[in-house]
Amino acid sequence: MFRTITAGAAALPDWLVVIAALLTQLGDAWFLYLGLALLYWLADDRLAANPRRVGATVVAVGLGALAVTVGFKSLFAFPRPPGAGEATVPLWLPELLHGVYVNTATGDGFGFPSGHAIGATMVYGALATFLDVGTRRTRRRVAAVLIGVIALTRVALGVHYLADVVVGIAVGLAGLWLFHRVARKGFRPNPDRAFFLSAVLGVAALILAAAGGHGGEVLEAGIVVGGGLGGYAVWRVRGTDPTTVGVVGTIVGVAVIAVVFGSAYAVASIGLPYVFGVVPDTTPFRLLAAVPLSFAGVALVIAWPTIVARVRASRADNGDAESVDDLITEAEPDGVGPDRSE
């Protein structure tokens with residue numbers, strides 16, 4: 001039955017498949033992590049009583065979703081539907097968008113359960129749980145719609161069987177319940193517990209992937225371990241920082257984080273020789289590079305408001321010092337002052 005539904009989705013009109021390729025990005029890793037970083041930096045008390053604490057917690061949940069995905073995919077190692085790695089580009093689509101379309105409309109790696117379904121369920125479910133905007137019922141309904149749409153796009157694109165997304169949602173709900181139990185004390189989320197839990201789940205996923213001999217999944221699990229420990233370390237040392245990041249700080253922060261995380265995923269997908277040039281290209285060596293890079297990436301996300309505050313304070317101090325020098329110079333009569341001719 002599930003295979004019949006997936007095969008039937010292949011007969012959808014081109015324009016509907018293109019829409020599905022766009023909407024499926026709502027559950028893609030890059031979109032979720034970028035969105036969560038921006039939420040952590042920019043959210044204010046209109047969204048939550050303590051937006052930084054909520055934002056950091058949901059970042060940790062996103063990492064945990066990746067760990068859960070890697071662990072289950074490594075455990076079952078089920079393939080995707082036939083043709084999941086191929087896409088027929090509509091004739092009316094501009095040639096400039098062909099590569100983007102193929103990248104968004106295809107899937108590789110193991111198929112069961114759906115990582116998009118797990119990630120969407122845990123992240124949007126966590127937002128519905130921890131945010132304060134609107135009513136809880138409204139937030140849950142919005143989350144349910146987003147999760148359902150993302151799950152359906154995976155079937156419409158032919159990159160998952162219906163069973164993959166159904167089980168993915170169920171697994172995501174279980175993962176969300178686990179984070180809710182561990183990372184929440186009363187009505188207050190605890191980012192340090194959430195980050196530590198994501199690191200533990202990453203270690204479990206790494207063990208499962210290594211046991212199955214799945215090198216790519218080992219590296220993805222390592223990224224979770226590094227990221228979870230990075231977030232845990234910074235939050236334990238610095239905690240929350242109320243500094244407003246601002247537009248310029250956000251743009252610079254996104255660029256810096258993109259470089260660090262891009263390097264981590266380049267190590268995992270392309271290989272070390274293309275990144276560092278000399279290190280042997282083996283999974284253990286890749287892991288030794290990917291884990292610290294991921295640690296730095298998440299640590300920078302959590303520490304960025306503090307970094308912005310330090311930069312602003314430094315500029316303010318320099319400005320005050322220059323103002324004092326100017327006042328002294330203006331107060332000195334002509335010919336008075338230190339002789340600078342020597």
Side-chain angles (χ1 to χ4, degrees), residues 26-27 31-65 119-147 172-201 227-250 253-254 257 297-313:
L26 296 173
F31 181 87
L32 293 178
Y33 294 132
L34 175 61
L36 293 179
L38 294 177
L39 171 71
Y40 176 72
W41 293 342
L42 301 177
D44 55 27
D45 55 10
R46 290 174 295 180
L47 293 180
N50 193 327
R52 286 279 160 76
R53 182 175 289 274
V54 169
T57 301
V58 184
V59 169
V61 172
L63 288 170
T121 301
M122 292 184 65
V123 170
Y124 292 121
L127 291 174
T129 300
F130 293 120
L131 293 181
D132 297 326
V133 62
T135 65
R136 178 177 297 183
R137 177 177 295 180
T138 299
R139 296 195 302 270
R140 287 179 174 177
R141 286 177 176 175
V142 172
V145 170
L146 287 172
I147 295 166
L173 289 173
L176 182 61
W177 174 87
L178 178 61
F179 271 92
H180 186 275
R181 296 286 296 177
V182 173
R184 184 170 183 172
K185 186 176 182 180
F187 294 100
R188 185 180 183 183
N190 287 272
D192 52 347
R193 293 185 183 181
F195 279 119
F196 190 79
L197 176 57
S198 66
V200 170
L201 292 174
L229 293 178
Y232 175 80
V234 173
W235 190 268
R236 293 289 293 180
V237 173
R238 295 301 308 170
T240 186
D241 191 315
T243 301
T244 303
V245 175
V247 176
V248 175
T250 299
V254 168
I257 301 305
V298 177
L300 281 171
V301 170
I302 304 304
W304 195 248
T306 301
I307 294 173
V308 171
R310 295 287 178 85
V311 172
R312 289 176 180 169

Are [X] and [Y] close enough that some pair of their side-chain heavy atoms sits under 4.5 Å apart?
X      : Y      : answer
Arg53  : Asn190 : yes
Trp235 : Thr57  : no
Phe195 : Ile302 : yes

Determine the minimum heavy-atom distance between [X] and [Y], stating which atoms define it.
X      : Y      : result
Ala49  : Asp132 : N-OD2, 2.8 Å
Ala56  : Pro191 : CB-CB, 3.8 Å
Ala126 : Val61  : CB-CG1, 4.0 Å
Ser198 : Ala60  : CB-O, 3.6 Å
Pro51  : Ala48  : CD-O, 3.4 Å
Arg46  : Val133 : O-CB, 4.0 Å

Distance in Å, [X] [atom1] paired with [Y] [atom2], rounded so as to fall on 0.5 Å steps:
X      : Y      : atom1 : atom2 : answer
Met122 : Leu63  : CE    : CG    : 10.0 Å
Arg181 : Leu197 : CZ    : CG    : 13.0 Å
Thr121 : Leu173 : OG1   : CG    : 5.5 Å

| field | Set of ring-ring contact (aromatic ring centres under 6.0 Å, His included) partners for Tyr232, sequence neighbours left out | value |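 In terms of ring-ring contact (aromatic ring centres under 6.0 Å, His included), with neighbours along the sequence ignored, Tyr232 is linked to Phe196.
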Are the side chain of [X] and the backbone N or O of [Y] linked by a donor-acceptor pair below 3.5 Å?
X      : Y      : answer
Arg52  : Thr243 : yes
Arg136 : Thr129 : no
Tyr124 : Ile147 : no

Out of [options], which one pairs with [X] under the side-chain contact (heavy atoms from CB on, under 4.5 Å) rule?
X      : options                     : value
Leu47  : Leu42, Leu39, Leu127, Val54 : Leu39
Phe31  : Val123, Leu36, Leu26        : Leu26
Val245 : Thr250, Leu38, Ile307       : Thr250

| task | Please work out whether the ring planes of Trp41 and Trp304 are parallel, tilted or perpendicular, with thresholds of 30° and 60°. | result |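 Judged by the thresholds at 30° and 60°, the geometry between Trp41 and Trp304 is tilted.
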